[in-house]
Amino acid sequence: MSNTEHGLENAENIRPHNFITQIIDEDLARGKHKEVYTRFPPEPNGYLHIGHAKSICLNFGIAKDYNGLCNLRFDDTNPLKEDVEYVDSIKEDVEWLGFKWAGEVHYASDYFDALYNYAIELIKKGLAYVDELSPEEMREYRGTLTEVGKNSPYRDRSVEENLALFEKMKNGEFAEGKASLRAKIDMASPFMVMRDPVLYRIKFAKHHQTGDKWCIYPMYDFTHCISDAIERITHSLCTLEFQDNRRLYDWVLDNISIERPLPHQYEFSRLNLEGTLTSKRKLLKLLEDGIVDGWNDPRMPTISGLRRRGYTPASIREFCRRIGVTKQDNVVEYSALEACIRDDLNQNACRAMAVIDPVKVVIENFEGEEMLIAPNHPNRPELGERQLPFSKEIYIDRADFREEANKQYKRLVLGKEVRLRNAYVIKAERVEKDANGEITTVFCTYDPDTLGKNPADGRKVKGVIHWVSAVHNHPAEFRLYDKLFTVANPGAEEDICSVVNPNSLVLKHGFVEQSLGNAEAEKGYQFEREGYFCADSKDSHSEHLVFNLTVSLKESF
Ligand code: ATP
Ligand code: MG
């Protein structure tokens, strides 16, 4: 993947080609549709995750590429699991990803009256009936993949009786589970979804949009197709597990008097990301079990977690572009996601110095202080430069010094020289240790004639290490994140707690250079030789800087 100059932005301007754009191109060419109208239909029962990003980029991306429109519609037919907190977070995530929905936000619950009337229409046509089988009986009657179902004894009620009973359902005269409205299709259909699917169920629950108005709620399959048709959606894109449901989608629309042309459903494969969960329900479990500190914990594969971790909207859109859209089920390697943010930050993040595991260095022949200047980016002068105070005492990383080492070790070794990044060449002269034998201070000398140039006598100094002034700096907490799970497919685990990586978060305390005192939350930096980091949006403030590791500098194996 080329990533020169404006890499990510450039790639985004190329319109993707996949089986869905091919269908759209044909539909437009044939005049089946004049414009393209899509929708993104989340259920507000959790925060959005990276899998949803794929669907968002597809739906909003198509609208953008074809000068069409894309609605944001909350699929809110299950009041028990839904909440306005989720509605708000979903809106925020879609906007943050860089997309704009057409007009106002829509809710399936906006259509509850219309849906109710379409249900009446089906009853009047003899295509729906009120069933009084218990949920268990209904399951028994449904049959299996190898065995046809049986008709309910209530299936042949008259239209009048069904209308009266449905009215009773609506008025709260049945208890939950005592009655439901079912489509009258075919109990012997090879497609289970066509075996008289339930259209309405009773739930005495307050709804976040409609309050106590309803005690009957429409099912997904009945709601979705009608919502699409009401909104004049042309291409209704969903994941492959809804393939069979397309028959019901078409059956409902074919049998009600709703404006034509009708929307059509197309299925694509869902995103599965190695080592992560892409199910709101399972992610909620991680919260409930206290494994993570919230939906936006930086280890979560949620959009808000990735954002807090330091991912940019462009990097997530680029990831979705790279994985493409097909009908093949597969698992994407986690490194593919990391490569996108690394490419973005390598190009766009300012460089800075941070010492994560500090050891003190005293430069014995340096007196006073000096203000050095360092570029913010090695090959983008337009990103400016910063001041870097240099002093007699500095910190370097403990791993960057050894008393003895072979030639492979290109850092500071006793009796040898190394370059301090953006500063001078220093030589380690002696060390001081504590009672445990741990090095507390490295005493060095510096060569004053090496700022921005090699030693005059031609001495070769190979290594470069980073540092932070011990006088002018900010103490900082570093949160080093690793994979949340120890297995590739945590979703398949019976007991998710047993596969949580105990080292998914390691805390370190060190120092960052002075210029980072007011680092903006979520803004990415490359801490030289350490990795890409950003200030934490929740816990970082001027008294207590907290930096999250976004991604390592290079892919680790
Ligand atoms: P979850 O199990 O996480 O709740 P869902 O499919 O039930 O997922 P919805 O809120 O109903 O979640 O999803 C909204 C849209 O996002 C749907 O069109 C759905 O197909 C799509 N979507 C959900 N998960 C993925 C995924 N992993 N990859 C691609 N698209 C997805
Ligand atoms: Mg769902």
When you check the gap from the basic side-chain N to the acidic O, do Lys213 and Asp113 get nearer than 4.0 Å?
-> yes

Answer yes when Arg308 and Asp536 have at least one side-chain N-carboxylate O distance shorter than 4.0 Å, and no when they do not.
-> yes

Should we count CD of Glu176 as having more than 12 external heavy atoms under 6.0 Å?
-> yes

With ring centroids as reference points, do His208 and Tyr86 lie under 6.0 angstrom apart?
-> no

Pairing of Asp293 and Lys538 as salt bridge, 4.0 angstrom limit | yes

Indicate, with yes or no, if the rings of Phe166 and Tyr200 have centres closer together than 6.0 Å.
-> yes

Does the pair Arg307/Glu92 count as a salt bridge with the N-to-O cut at 4.0 Å?
-> yes

Do Lys100 and Glu95 sit within salt-bridge range, that is, some charged N less than 4.0 Å from a carboxylate O?
-> no

What do you reckon, is CD of Glu333 surrounded by more than 12 foreign heavy atoms closer than 6.0 Å?
-> no

Would you find more than 12 non-hydrogen atoms of other residues, nucleotides or ligands less than 6.0 Å from Leu145 atom CG?
-> no

When you look at CD of Gln328, are more than 12 heavy atoms from neighbouring residues, nucleotides or ligands closer to it than 6.0 Å?
-> no

How about Phe527 and Phe533: are their ring centres within less than 6.0 Å of each other?
-> yes

Kindly say whether the aromatic ring centers of Phe222 and Tyr249 come within a distance under 6.0 Å.
-> no

Charged N to carboxylate O below 4.0 Å: is that the case for Lys184 and Asp196?
-> no

So, are Asp75 and Arg39 salt-bridged, with charged N and O less than 4.0 Å apart?
-> no

Taking it one step at a time, do His49 and Tyr47 satisfy ring-ring contact (aromatic ring centres under 6.0 Å, His included)?
-> CA-CA 7 Å; His49 51 63; Tyr47 281 56; over 10 Å; no

Phe40-Trp101 aromatic ring centre distance below 6.0 Å | no

Evaluation steps, salt bridge (Lys or Arg N to Asp or Glu O under 4.0 Å), between Arg246 and Glu267 = CA-CA 9 Å; Arg246 190 189 338 120; Glu267 308 89 20; 2.8 Å; yes

For Asp228 and Ser236, work out which heavy atoms get closest and say how close.
-> OD2-OG, 2.6 Å

So, Glu318 and Arg321, do they make that salt bridge, N to O below 4.0 Å?
-> yes

